[in-house]
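Below is one structure; the comments refer to it alone.
We name chains A, B, ... by the order of the sequence lines, and we start the count at 1 in each one.
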2 protein chains.
Amino acid sequence: MPISEYDIEVARTPTTSDVFNAVAEASRRDLLDALGSGEATVGELAERLGLSQPTVSKHLGVLRAVGVVHVRVDGKHRWYRLNGPALKPIHDWVRTFERTWNTRLDRLDDLLAELQAQEKKQS
Amino acid sequence: MPISEYDIEVARTPTTSDVFNAVAEASRRDLLDALGSGEATVGELAERLGLSQPTVSKHLGVLRAVGVVHVRVDGKHRWYRLNGPALKPIHDWVRTFERTWNTRLDRLDDLLAELQAQEKKQS
DNA sequence: TTGACATATGCCGATATCGGAATATGATAT
DNA sequence: ATATCATATTCCGATATCGGCATATGTCAA
């Protein structure tokens, strides 16, 4: 009996369904961290993180599917770069729980400390 | 040939391995959102979210395993409550990318808006 | 003790994951 | 045209997921 394409069974949620799932894997978080310092090539990332090339390509594929990285093709190289804003949904969600570990004043402290650090840098 | 207990194969990362994995599932995020307004019972949560009782119990089990919820036993009821600080690792990680979508001034705006909202509430 | 209620647990089928190995695709240089 | 380098894709085995359903555990009340 042919299975209808209409009744899809959702067992595990695909990693490409949203950013939360994509980022659940530690290696993928490592990749994003590595891309924080700028564009990088698949080979570079593989060496830096000690992962095989296919593994890195696959992980980048997932990250690309949810839009958290972009690619720039350059000859036989592919430069991957971070697309931070795609992570905002996570930030926004977790932020609603911030009050449970931080008071408003704590956050003000954080902000001031940061401004000071910035001032130092620019002087 | 008997398989040694020492060579465990890690295919998919278990949802109980860390908070990131636990929170990857949308239903579990919904549960945490629901618990944001205070303690709740398994039955209450099941009805509020339109999930079956076993499903809720299992999800809460995962959330409890990573410490993001705590339980209080009360007769035949079990009151689950949020343990926000367990979400901090997520916040801390995603925060390092905040600069990619928010400028310092944007965040100052956010803070001020929040303080105003708070003032309104207390007046 | 028996029964009703609240929750946890076990088993199942369908499915998706992850890394490894092999191979395909694609671009550049000779 | 061919060899080489960089990356993507496919197939595989082992494993974990998720919801449904049935059932076990545990608590209170009559």
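- Where A:R78 and A:K58 meet DNA chain D, the nucleotide closest to each residue was compared, and A:R78 sits on the side nearer the 5' end.
- For A:N21 and C:dC18, the CG to P distance is 10 Å, given to the nearest whole Å.
- A salt bridge does not link B:R28 with B:D33: every distance from a Lys NZ or Arg NE/NH1/NH2 to an Asp or Glu carboxylate oxygen is 4.0 Å or more.
- In this structure, the side chain of A:N83 does not engage the main chain of A:H70 through any donor-acceptor pair within 3.5 Å.
- Both B:R64 and A:T55 sit near DNA chain C, but only B:R64 has its closest nucleotide nearer the 5' end.
- Listed pair A:Y80 / D:dA6 fails the phosphate criterion, with no side-chain N or O lying under 4.0 Å from OP1 or OP2.
- Across all strands shown, B:T13 has no heavy atoms under 4.0 Å from either base or sugar-phosphate atoms.
- Aromatic rings from B:W93 and B:F97 are positioned such that their centres are separated by under 6.0 Å.
- OP1 and OP2 of D:dT17 both lie 4.0 Å or more from every side-chain N or O belonging to B:T16.
- Counting any heavy atom pair closer than 4.0 Å across all strands shown, A:R28 reaches sugar-phosphate atoms only and no base atom.
- A sub-4.0 Å separation between OP1 or OP2 of C:dT17 and a side-chain N or O of A:T15 is present.
- Side-chain contact annotation: A:E25 with B:T13, donor-acceptor N/O pair under 3.5 Å present.
- In this structure, the nucleotide among C:dA22, C:dA6, D:dA6 sitting nearest to the side chain of A:H77 is D:dA6.
- Comparing C:dA27, C:dA8, C:dA21 by their nearest atom to the side chain of A:P54 picks out C:dA21.
- At a threshold of 4.0 angstrom between heavy atoms, the contacts of A:S57 include nucleobase atoms, whether or not backbone atoms are also involved.
- The side chain of A:P14 lies closest to C:dT17 when the candidates are C:dG19, C:dT9, C:dT17.
- The base of D:dA8 sits with one of its N or O atoms less than 3.5 Å from a complementary donor or acceptor on the side chain of A:Q53.
- A donor-acceptor contact shorter than 3.5 Å is absent between the side chain of B:R81 and the backbone of B:L35.
- Side-chain nitrogen and oxygen atoms of B:S52 include at least one within less than 4.0 Å of the OP1 or OP2 phosphate oxygen of D:dG20.
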